[in-house]
Amino acid sequence: MASHMLRCHVSANKHAYGKSQISTSHMQMIRPYVRAAAVEQDVGTESAGVGVKLPATHVSASQNALKQIEISNGKGINRYAMEKKSSIIAIGLTVHNAPVELREKLAVPEPEWPRAIEELCAYPHIEEAAVLSTCNRMEIYVVGLSFHRGVREVEEWMSKASGIPLDELRPHLFLLRDRDATSHLLRVSGGLDSLVMGEGQILAQVKQVHKVGQNCPGFGRHLNGLFKQAVTAGKRVRSETSIASGAVSVSSAAAELAQLKLPGNTFDDARVCIIGAGKMSKLLVKHLHSKGCNKITLLNRSLPRCEALAEEFPEVDFDIHLMPELMECVANSDVIFAASGSEELLIHASDVANMPAAPDAVGGVRRFVDISVPRNIAADISVDSCGSIVYNVDDLKEVVAANTEARAKAAAEAEVLLNEEQMSFEAWRDSLETVPTIKALRGKAESVRSAELEKALNKLGDGLTNKQKKAIEELSKGIVNKLLHGPMTALRCDGADPEAVTQTLANMEALERMFELSQMIEQDRLASASRKK
């Protein structure tokens, strides 16, 4: 089931595969994406009652791009040299296409993001990198000197970091390039790709990626601009549409799921415990209180965070404990929420097996709701062996289906705003295309100036003083700068204005032809790629 839950968007536009060459081994790498996509188009896929189907247009684009690669494979074309522009690549897995068992193996805690960025950028074809890792998704964004080799290097890193063989990992991955990749991040930030549509926590997580990236050399100009645009897009969606009106988060969905599973759909007779005192726990308390739960046992590694949380909710009666008392607190609770940052299991089946049974008032079943990734509660805890049941983030889908339908109109409005932000980012990125031309034009002008200056000085002989030589040199520089002023102005524009960018790109192409700059630009690009290797 999960093996077919793939969304592989490979654009067949001018920045996609094009007429390029690729090795047989890399053809084997790309085929699983397209093959899985084709299967999903024919069969369709459902998980936990929520349909996840790949659009036919994306399947067609993927297949057409693959055909172009196969055709060009026999034409002896240098694929790497054909890629004039670095690609923005997004590759990863989400709650929509991968189970929590897989996501938790790939999860990267925030303190490890800089290390992951450094490791990714150490690969020869990756210029920039960013990591977005949450309970519902683990996504890698990179700027690659070569799309094909960049994808291969990201996959290699993901396999090494998780210990999952590539053959097992690939069927669950989505792969996006350039416009599809940037569009995806904007939708993620806007809450349109969330399990709970419109939830606000993902925007804070995207902001954090941008913030952490400021201290990482590998979080370069393109990704800095992309994540900055994504934050702007997320804010606009929430302020200019009703998508966040009464929106639920993962935490509130967890609270609602627990309420639905309790007899009478009420917390009145349930003893509730929360493991962790972070942001997710804060939201849990908020929504549990709104559902009539006014007494909560709270566990955490440190006391100050528990006390700070208790101060924010004076109406709730908190019973605060530290982690050494975990098992005692669990044994005395009927509903246990796990929302900690622990990377290891905190509660195993053997821990629960010998605990006293939950009272009849809650159906005689102890309920665990684990919204941590990696998970904190063992999945093999069951009613038969332990008198308990475990729910994780994947089980929240039944709660959020109605929420998605209710927000369909707001989502359509949000798509319009996101398209505007997409155009703005693309215009800004296109404006960066003139940088190599500016550099090459200045380089050629300086080369001509220096050569002509040397000729003139040789003709004038040795009778010139240093002051006179300096005056002649300054004269040559002044003439060149004045001549370049017009062309340089034509190569600069406001990246936020698409029309101005279009005109600037036309100017760039004209100047490259007039001054024969293409060869210089290509040599500089290849030299940069060689230094990266």
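Just the heavy atoms: all of them, side chains too, but no hydrogens, waters or symmetry mates, feed the values below. Throughout, numbering of the chain's residues begins at 1 and tracks the sequence.
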**Q** So, for A230 and L186, which heavy atoms are closest and what is the spacing to 0.1 Å?
**A** CA-CD2, 3.5 Å
**Q** Could you go step by step and tell me if F337 and M280 meet the side chain to side chain contact (heavy atoms under 4.5 Å, CB included) rule?
**A** CA-CA 10 Å; F337 295 92; M280 300 279 275; over 6 Å; no
**Q** Hey, could you give me the CG/CD1 distance between L298 and I275, rounded to the nearest 0.5 Å?
**A** 10.0 Å
**Q** Determine whether the side chains of N224 and E128 contain a donor N or O and an acceptor N or O closer than 3.5 Å.
**A** no
**Q** For residues L284 and A254, report the shortest heavy-atom separation together with the two atoms involved.
**A** CD2-CB, 4.3 Å
**Q** Please round to the nearest 0.5 Å and tell me the distance separating atom CD of E139 and atom CG of L106.
**A** 12.0 Å
**Q** For E240 and K235, what are the C-alpha separation, side-chain angles and deciding distance, and is it a salt bridge (charged side-chain N to carboxylate O under 4.0 Å, His left out)?
**A** CA-CA 8 Å; E240 298 180 34; K235 290 179 179 178; over 6 Å; no
**Q** Test L176 against I89 for side chain to side chain contact (heavy atoms under 4.5 Å, CB included), laying out the working first.
**A** CA-CA 6 Å; L176 307 167; I89 304 164; over 6 Å; no
**Q** Do E256 and H287 pair up side chain to side chain, a donor and an acceptor below 3.5 Å, judged on atom types alone?
**A** no
**Q** Quick one: does any side-chain atom of D394 pair with a main-chain N or O of P99 as donor and acceptor, under 3.5 Å?
**A** no
**Q** Measure across V373 and E104 and return the closest heavy-atom pair with its distance rounded to 0.1 Å.
**A** CG1-CA, 3.8 Å
**Q** A side-chain contact here means heavy atoms from C-beta on lying under 4.5 Å apart; do H222 and L226 qualify?
**A** no
**Q** Check for a donor-acceptor pair, side chain of N376 on one end and backbone N or O of S342 on the other, with a separation under 3.5 Å.
**A** yes
**Q** How about F147 and H125: are their ring centres within less than 6.0 Å of each other?
**A** no
**Q** Ignoring hydrogens and geometry, is there a side-chain-to-backbone donor-acceptor pair from R238 to E199 under 3.5 Å?
**A** yes
**Q** Would a 4.5 Å heavy-atom cut-off, applied to side chains only, mark I126 and V143 as touching?
**A** no
**Q** Going by side chain to side chain contact (heavy atoms under 4.5 Å, CB included), M138 matches just one of T94, L132, L102, V108. Which one?
**A** V108
**Q** For the side chain of N136 and the backbone of V95, is there at least one donor-acceptor N/O pair under 3.5 Å apart?
**A** no
**Q** Apply the test side chain to side chain contact (heavy atoms under 4.5 Å, CB included) to residues V131 and V209: give CA-CA distance (whole Å), side-chain angles for both, the deciding distance (0.1 Å), then the verdict.
**A** CA-CA 7 Å; V131 178; V209 173; over 6 Å; no
**Q** Strictly distance-based, threshold 3.5 Å: is any side-chain N or O of S183 a donor or acceptor partner for the main-chain N or O of R179?
**A** no
**Q** Just verifying a value: how many Å separate Y391 OH and F368 CZ, rounded to the nearest 0.5 Å?
**A** 12.0 Å
**Q** Run the salt-bridge test on R236 and E420 with the 4.0 Å N-O cut-off and return the result as yes or no.
**A** yes
**Q** How far apart are the closest heavy atoms of V237 and L417, and which atoms are they?
**A** CA-CD1, 4.2 Å
**Q** So, do H96 and F174 sit near enough that their side-chain heavy atoms are less than 4.5 Å apart?
**A** no
**Q** Does K261 pair with D395 as a salt bridge, N-O distance under 4.0 Å?
**A** no
**Q** Is any side-chain heavy atom of Q229 closer than 4.5 Å to a side-chain heavy atom of S189?
**A** no
**Q** Using modelled atom types only, decide if a donor and an acceptor are shared between the side chain of S372 and the backbone of S340 within a distance under 3.5 Å.
**A** yes
**Q** Please evaluate residues K286 and E312 with respect to the criterion salt bridge (charged side-chain N to carboxylate O under 4.0 Å, His left out), reporting the C-alpha separation (whole Å), side-chain torsions for both, the decisive distance (0.1 Å), and the verdict.
**A** CA-CA 10 Å; K286 174 184 175 182; E312 290 193 49; over 6 Å; no
**Q** Whether E118 and R115 form a salt bridge (side-chain N of Lys/Arg under 4.0 Å from carboxylate O of Asp/Glu) is what I want to check.
**A** no
**Q** Determine whether a donor-acceptor pair (N or O, by modelled atom type, separation under 3.5 Å) exists between the side chain of S159 and the backbone of I164.
**A** yes
**Q** When you compare the side chain of T182 with that of Q422, does any pair of heavy atoms fall below 4.5 Å?
**A** yes
**Q** Within the structure provided, determine whether I202 and V188 are in side-chain contact (heavy-atom separation under 4.5 Å).
**A** yes
**Q** To the nearest 0.5 angstrom, please state how far the OG atom of S251 sits from the CD atom of Q201.
**A** 6.0 Å
**Q** Which atom pair, heavy atoms only, marks the closest approach of W157 to A116?
**A** CZ2-CB, 3.6 Å
**Q** For C135 and V393, work out which heavy atoms get closest and say how close.
**A** O-CG2, 4.2 Å
**Q** Report yes if the side chains of C273 and V335 come closer than 4.5 Å at any heavy-atom pair, otherwise no.
**A** no
**Q** How far does CD of E127 sit from CD1 of I88, to the nearest 0.5 angstrom?
**A** 10.5 Å
**Q** Got R367 and L262 here, is their nearest side-chain heavy-atom distance under 4.5 Å?
**A** yes
**Q** Are Y141 and F227 close enough that their ring centers fall under 6.0 Å?
**A** yes
**Q** Salt bridge or not for E156 and K160, using N-O below 4.0 Å?
**A** yes
**Q** Enter the distance from E413:CD to I243:CD1 here, rounded to the nearest 0.5 Å.
**A** 9.0 Å
**Q** With no hydrogens and no angle check, just 3.5 Å: does a side-chain donor-acceptor pair link E421 and T232?
**A** no
**Q** Has N294 got a side-chain atom pairing as donor or acceptor with V316's backbone, closer than 3.5 angstrom?
**A** no
**Q** For D193, is there any backbone N or O sitting under 3.5 Å from a side-chain donor or acceptor partner on R137?
**A** yes
**Q** Donor-acceptor check, side chain of E415 to backbone of A411, threshold 3.5 angstrom: yes or no?
**A** no
